[in-house]
Every structure is written in C-alpha cells, then in structure tokens.
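I have placed the structure first, in the form of structure tokens, so that the comments after it can refer back to it.
In what follows, every chain begins at residue 1, and chains take the letters A, B, ... in the order their sequences are listed. Note that the structure is predicted; figures quoted are calculated from it, not measured.
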There are 2 protein chains.
Amino acid sequence: MSGLRERKKQRTRDALVRAALVLFTSKGYEHTTVDEIAEAVEVSQRTFFRYFAGKEDAAFAVHRIAEAHFIEAVRGRPSHEAPLEALSRAVLDGWHHINEAVESVVPPELQMRMYHVIESTPALLAAHMRRSAETEEAVARLIAEREGVDVDVDLRPRVVVALFSGLMRLTERRWGAGTDLSVAAMRELTSTYLDAMGPALAGNWRTEPQ
Amino acid sequence: MSGLRERKKQRTRDALVRAALVLFTSKGYEHTTVDEIAEAVEVSQRTFFRYFAGKEDAAFAVHRIAEAHFIEAVRGRPSHEAPLEALSRAVLDGWHHINEAVESVVPPELQMRMYHVIESTPALLAAHMRRSAETEEAVARLIAEREGVDVDVDLRPRVVVALFSGLMRLTERRWGAGTDLSVAAMRELTSTYLDAMGPALAGNWRTEPQ
DNA sequence: TTGTCAATTGTCAGTGGCTGTCACTAGCCT
DNA sequence: AGGCTAGTGACAGCCACTGACAATTGACAA
C-alpha cells in the first residue's frame, strides 16, 4: 500500500504546508519567499514547485480540504430539506467536521490565522474568490440533482447557489474583519446574515425599520 | 487647463491600453509580455509600469470606467425605488451609457472580447472578482445612504448588495460562456436571472416545477 | 528668448516567482 | 544483486516588477 516512498512524500508535503503557513502568518504572504519555505524544510526550491503549482497553491492547501468537506456536507443533507435550508445547515453543521479534518495537518489556530491572511492579502483574496466560484458550480449541480431538475434548463439551482454564495462571502468578509476568529463566531455571523435575507429583499425598508 | 504634457500623457496611456487589449485578445493574456506591449507603443518597459501597477492593471483599465458608471447609475436612481429595484434598473439601463463612455478609448468590440478573455483567464477572473468585492462595499454604503440607515448597524444594505452581486456574477459567467456577446444579450440574461430569484428562494421546488 | 525647475522617461541592475533540463540518488521490483 | 524509475538537486533562463540615477523635455518666469 503505502511504501516508504509515498510516506516520505506525504511527510515532505505536510512539512511544506506547515512551514508555508507559519511563515505566511508570521511575516506575511508577500514577504515570504519560496526559497525560505523550501529552506525551512530543507528541500530545493525546485522541489517545492513539484508539490505545489505555486506559492498561492500552498496557501490554499488547507482550504481545499474544507471545501471538499462542505460539498460532502451538502450531499449529506436529507432530501426533504429545501435547497436554501440544506445549504445553510451544511455550512452551520459542517464547521466542526471541517476543523477535525484539518487539524491532522496543521494546528487549528494556525489555520484560523491563515484565513485572516487570505482575507487581507489582495492576491490571496482574489484567488480565494475564484476558487469559491468553482465550488459554486459543483454545488449548483448537486442541488439540481437533489431536486431532480436539469441544471442547464432550470435556472433555480445556479441562482440559489449564487445568492447563497454572495451571502457567504459577505459573512466571511465580516468575520475576517472582526477580532473573534472562532468557529462559534463564524456560525453566529452566518445565521445572522441568513436571517437578514428576507428583510433585505423586502420592497420597502422605510416603513418597517429593522 | 490641459497642457501639452498632460495631453501627451493621456495619449500614451490610451495607446498602452489599446495595445494591451489588442495583444491580450489576440495572443492571450499570459502569452503577452509587458515588453511587447511597451514595444508596440514604443516606450520602455519601465514607462509601462509608471502608468499601470502591473499587467493586470492594464487589463482592467476599461473595466474601471464601467464600474464607476455603474455606481453613478445607482446614485442616480429615484429614491422611491426599492433597493433591489434600484440596483436592477441601474444595471439594465446603465449598459448603454457605459458603452458610450468606453468607446472613446477602445472600440466596443475589443472591449467585449476582453470580457471574454477575463472570464477565461484564471488570474484575471480572480482579479475581477476581487475588484467586484470592492465595488460591492461602495454600493452597500450608497444603498444605506439612500435608505437612511447605518451600514454598520443595519445588515440589510450589505445583504441586498451581496445577494445582488452573487446574481450578477452568475449572469456574467453565463454571458461569457455563451456566444452572443452583445449588450442586448447581457440585458436579457440579467432580467431572466433577476426574475428567477423568487422561485429559487422558495421553500419547495418540487410541488411547482418551473 | 533663455535659463531654471520639475515632470517624464530611459537605462541598468537586481529580486523573486516559476519552468525546462539533466544528471544523480534512493526506493522498488524481479 | 542489479536494472528500473520516481523523486530530487543544481543550474540556467524567462518574465513580472522595483529602485536608483541620469537624460530629456514641457512649463514658466526673468
């Protein structure tokens, strides 16, 4: 199964991710060079690029795990839940499981700080948003499947997901801007914003201030 | 007013934008080097970087104009319109004016093809989404002002804008994926997706298929 | 006009991300 | 044991981008 070769490879990869995150969160993403990451793990720069497509790729190594878990969480929602409900619960319930999966590679606190770095580094934020857009497409297909409609004919799957994603990006942004970077804070923000959806789409805000 | 110096600068800048767009749309963004752009306008590479923060910045020179126009369009909406209505109309009506403003710098057809390049170039798509996020914040403040609420207390401004933006990104993506890159096509897609908002958020899709 | 100042530009040198190539080492398989 | 090959290091090179300094040129006053 897992020969010496493969295990060594996995260890090198994990070490690179950890070293990268430690450096990114301490000196900042842009002020960290690939050479420094490679040196910290005692491999050549060339080897770093054999594991990661680029510096950016290393920054999202952990994030990738979280995304995969979110998709699985959506897939696991009981089919009687309405689309928006399923998405909301997948996010709210998913956070704990995501953290479990992640901490086998890096300490959770490091990952939380990395979120902050991503949010405050333009290049990483941009990459993050593009990645989210890709996830969006996958989730839209999932929702379509759940509801038994054709994603290329019925607009609703992509529309709910687009609306939901817009809201989640807002939540992330507000979470990153704050000081409480805990999972609990994220959960609370998420439901607060979800609850604000209805009122925000209401026709007239002035007759009934919130 | 506009001395020789300033006019010359403007001409150089416009020439750089045009050269960049022509090259980006013909050879692709990544296969175009800054040297080539500079050479096409007969300035040094260093000069290019004095006009633009980077290659990416040149790619969005036109886009920037469109964004500013959208914000103005929102500001110009009569105050009796509900927030979502104002945003929708600003986009739908805005397209024509945006095109007018843009064509003084580059031919509209070139700009349309550039949209396509942005949509299909990961690095540019990422940058585009980050830029949109910044616009989002500005629009949220505008809406808050319109409705006379505090953007840091009332969640609704940011929420409508987040939802609306999610939908607009979806529209852009679908538009870019299609073959009809006309303004008319964009307008039609926009209202189609806007109309799908209600049904998509409805609790149960199965009882009443669309 | 002409001299002076300041803005604009070109040149040069250097950093850092990223890639291709090639030889070498170390795990794997018969 | 010995050949095979994945993984690696070393080196060279491309390109985006930046800082420093010198040359040029428009602006403006004497």
Side-chain angles (χ1 to χ4, degrees), chain A residues 1-17 19-21 23-24 26-61 117-118 121-128 130-131, chain B residues 1-17 19-21 23-24 26-61 117-118 121-128 130-131:
Chain A
M1 278 296 162
S2 67
L4 208 163
R5 211 174 231 168
E6 262 182 79
R7 263 177 292 148
K8 194 175 177 181
K9 238 173 71 171
Q10 192 57 48
R11 254 186 292 131
T12 305
R13 202 196 134 86
D14 288 354
L16 281 171
V17 170
L21 294 205
L23 286 167
F24 291 162
S26 59
K27 337 185 359 176
Y29 175 74
E30 326 220 82
H31 295 117
T32 302
T33 68
V34 173
D35 285 304
E36 287 170 331
I37 303 170
E39 200 175 358
V41 183
E42 299 191 293
V43 295
S44 73
Q45 190 218 46
R46 195 67 185 85
T47 295
F48 173 91
F49 284 108
R50 287 197 178 99
Y51 282 96
F52 303 100
K55 204 167 100 171
E56 186 184 291
D57 193 35
F60 288 103
V117 172
I118 291 173
T121 306
L124 288 181
L125 182 56
H128 173 47
R130 185 174 51 78
R131 297 174 55 78
Chain B
M1 281 296 159
S2 66
L4 205 161
R5 207 171 232 168
E6 264 183 76
R7 262 176 293 147
K8 196 174 175 181
K9 241 173 69 171
Q10 192 59 49
R11 254 186 293 130
T12 306
R13 203 196 133 87
D14 288 354
L16 281 170
V17 170
L21 294 205
L23 286 167
F24 290 161
S26 60
K27 336 182 3 176
Y29 175 75
E30 326 221 85
H31 295 116
T32 302
T33 68
V34 173
D35 286 304
E36 286 170 332
I37 302 169
E39 200 175 1
V41 184
E42 298 192 293
V43 294
S44 74
Q45 189 219 48
R46 196 67 184 84
T47 295
F48 173 91
F49 284 109
R50 288 199 177 96
Y51 281 95
F52 304 99
K55 204 167 99 170
E56 187 184 289
D57 193 35
F60 288 104
V117 172
I118 291 174
T121 305
L124 289 180
L125 182 56
H128 173 48
R130 184 172 53 77
R131 297 174 54 79

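In this structure, B:E30 has no side chain to side chain donor-acceptor pair (under 3.5 Å) partners at least two apart in sequence or on a different chain. The side chain to side chain donor-acceptor pair (under 3.5 Å) search around A:D35 returns none, not counting sequence neighbours. In this structure A:R131 satisfies the side chain to side chain donor-acceptor pair (under 3.5 Å) test together with A:E67, sequence neighbours excluded. By the side-chain contact (heavy atoms from CB on, under 4.5 Å) test, A:S26 is found to be paired with no residue, residues two or more places apart in sequence or in another chain being considered. Applying the side chain to side chain donor-acceptor pair (under 3.5 Å) criterion to A:R13, with sequence neighbours excluded, gives no partner residue. Considering only residues two or more places apart in sequence or on other chains, B:K27 meets the salt bridge (charged side-chain N to carboxylate O under 4.0 Å, His left out) condition with B:E36.
Atoms CD (A:Q10) and P (C:dG27) sit 17 Å apart, rounded to a whole Å. One can place NZ of A:K9 at 10 Å from P of D:dA6, the figure rounded to the nearest angstrom. Atom CD of A:E39 and atom C1' of D:dT8 are 17 Å apart (whole Å). In this structure, A:R7 places its CZ atom 17 Å from P of C:dA26, rounding to the nearest Å.
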Nucleotide by nucleotide, nucleotides 11-24 of chain C touches protein heavy atoms under 4.0 Å in the pattern (B base, S sugar-phosphate only, - none) B-----SBBBB---

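Checking the phosphate oxygens (OP1, OP2) of C:dT9, a side-chain nitrogen or oxygen of B:Y51 falls inside 4.0 Å.
A heavy-atom distance below 4.5 Å is found between the side chains of A:L4 and A:R7.
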Considering only nitrogen or oxygen atoms on both sides, find all protein atoms under 3.5 Å from nucleotides 23-26 of chain D and state each distance.
residue: D:dT25; atom: O2; partner: B:R5; partner atom: NH2; Å: 3.3
residue: D:dG26; atom: O3'; partner: B:R5; partner atom: N; Å: 3.3
residue: D:dG26; atom: N3; partner: B:R5; partner atom: NH2; Å: 3.2

Side-chain polar contacts of residues 45-58 of chain A - donor-acceptor pairs under 3.5 angstrom, sequence neighbours left out - could you list them?
residue: A:T47; atom: OG1; partner: A:S44; partner atom: OG; Å: 3.2
residue: A:K55; atom: NZ; partner: A:Y29; partner atom: O; Å: 3.0
residue: A:K55; atom: NZ; partner: A:T32; partner atom: O; Å: 2.8
residue: A:D57; atom: OD1; partner: A:R64; partner atom: NH1; Å: 3.4
residue: A:D57; atom: OD1; partner: A:R64; partner atom: NH2; Å: 3.2
residue: A:D57; atom: OD2; partner: A:A53; partner atom: N; Å: 3.1

